[in-house]
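Below is one structure; the comments refer to it alone.
Heavy atoms only: backbone and side chains are in, while hydrogens, waters and symmetry mates are out. Below, chain A is the first sequence line, B the second, and so on; all start at residue 1.
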Protein chains: 2
Amino acid sequence: MTAADRVYQIIKQRILNGWYTAGSYVREAAIGEELDYSRTPIREALRRLVSDGWVEAIPHHGARVVGWTQQDVEEVFELRVLLEPQVVRRAAKRIHESQLGRLNDLANQMEALCQRSDEEAVDQIALLNNQFHAELVAAAESPRLQRLLETIVQVPVSRRSFHHYTREELLSSMQHHREIIRALILQEGEWAAAIMRAHILAARTAQMRQNKHGNCSNAARSAVR
Amino acid sequence: MTAADRVYQIIKQRILNGWYTAGSYVREAAIGEELDYSRTPIREALRRLVSDGWVEAIPHHGARVVGWTQQDVEEVFELRVLLEPQVVRRAAKRIHESQLGRLNDLANQMEALCQRSDEEAVDQIALLNNQFHAELVAAAESPRLQRLLETIVQVPVSRRSFHHYTREELLSSMQHHREIIRALILQEGEWAAAIMRAHILAARTAQMRQNKHGNCSNAARSAVR
DNA sequence: TCGAGCCTAGTTGCATACAACTTTTTAAAA
DNA sequence: TTTTAAAAAGTTGTATGCAACTAGGCTCGA
């Protein structure tokens, strides 16, 4: 792993954590001195963050952390509603036994955690949920589709995911997972796609309700699948 | 415009032209010496090309130009069939008079060129067609959707577009343009989306027929909208 | 007091030298 | 002859110094 890779992940994590707030500039020299790297790997990391859409480059003036508006969140969900069903549509034709097994394990673990309802359990569920979606994307076997979703969704591995859900919504979400698995076993791509569409629209509703009340900029990024 | 920008465009153009063939390595020192730049802007250009999906970075070994398989082309069309209808679905709610006017102009010019059927006319049509789609994407007012399509479609400004079409297909394609405009005027997003879907599927058919016969690697990139 | 032009501070953009890593070649030993 | 290890060549990765550019403040003039 190169220095640029490390710097990339550090800066990205800091943006997610709110260390760098939206609109602030990330100075090459400053962070370079702090992390004890030269400006070269910092520059490369920033350029990658620019092409990932985390920061925007102002020519000759630096890299500014982008802010998220309600409209941005809407846009992301609009695209996910298209792309994530396509993931399972493809996966239905291609998925292997072993992958179905892992999906089942993940669903079991998530449901077990649903009994509890403390903060930590919710964080755990969010983590497992991300793995669930990652497994589906892998089963879809489309590098481009994977790339598009990765650049769009930008889920932090960290917190906040699933916290907007009511208990009812949470249980419903678990049902979706089960039903998607059943559809995939039967290789019913359209069925799986329909459920996934509902799954995303439900997430969208929960997210929107939250954003209407509270702050937007950071909550936006914790958009949950 | 910075040096890195220039180098980026030059390398990209060379990949499109076939100057750099698939699988070959683009050496930083070599091209730097040739274009009389230092390795720094070359590196930056290459990194951008990597994140655009034109080349792949092999750690400590360089940037290799990616090749296109039939499967890659399939993947691209599969995504365009999802995303391009979404473009007009959004555009129907947002498009302005002036944009509709420009779309109409473009359609007129393309149809005029359809009378002729020499090579140059076909090239011209391809160019205008790209402008047509760009105008639609602009009207959709979704930066993310725009970015996704730009990274996926990768149409070279150059040649080969529309050359796979039979005369019948070409005329049909012109009809699609007209019908999309009509639907947009009436703000009928779903109608416009349906035509666009057919438009892309038709392009896919023409492209696939071509790839079955001839070479793939470069023809693939000339995928026409 | 207001405005225009200039200047200075600060930042990014680029060039170059060196370090690290990977691959290939070559030579020696089995 | 084959295998293995070492070294040598070539490439990318990083550090650093200088150049170019931008923004904000300051001075000078109206």
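Taking atom CG on B:Leu46 and atom P on C:dC14, their separation rounds to 14 Å, with Å as the unit. Rounded to an integer number of Å, the gap from A:Glu56 CD to C:dT12 P is 14 Å. Here D:dA9 presents its P atom at 17 Å from CZ of B:Arg27, a figure rounded to the nearest Å. Straight-line distance from the CD1 atom of B:Ile42 to the C1' atom of D:dT11: 15 Å, rounded to whole Å.
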Reading nucleotides 13-22 of chain D from the 5' end, what letters show protein touch, with B for base, S for backbone sugar-phosphate only, - for no heavy atom under 4.0 Å? BBBBB---SS
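Applying the side-chain contact (heavy atoms from CB on, under 4.5 Å) criterion to B:Glu56, with sequence neighbours excluded, gives B:Ile58, B:Arg64, B:Val66. Applying the salt bridge (Lys or Arg N to Asp or Glu O under 4.0 Å) criterion to A:Asp118, with sequence neighbours excluded, gives A:Arg116. Residues forming a salt bridge (Lys or Arg N to Asp or Glu O under 4.0 Å) with A:Glu44 (at least two apart in sequence, or on another chain): B:Arg43, B:Arg47. The salt bridge (Lys or Arg N to Asp or Glu O under 4.0 Å) check on B:Arg39 picks up B:Glu28, with sequence neighbours excluded. For the ring-ring contact (aromatic ring centres under 6.0 Å, His included) test, no residue two or more places apart in sequence or in another chain qualifies with B:Tyr20.
As judged by a 4.0 angstrom heavy-atom cut-off over every strand, B:Val7 is placed among residues making no nucleic acid contact.
In this structure, CZ in B:Arg144 is found 13.5 Å from CG in A:Leu148, a value given to the nearest 0.5 Å.
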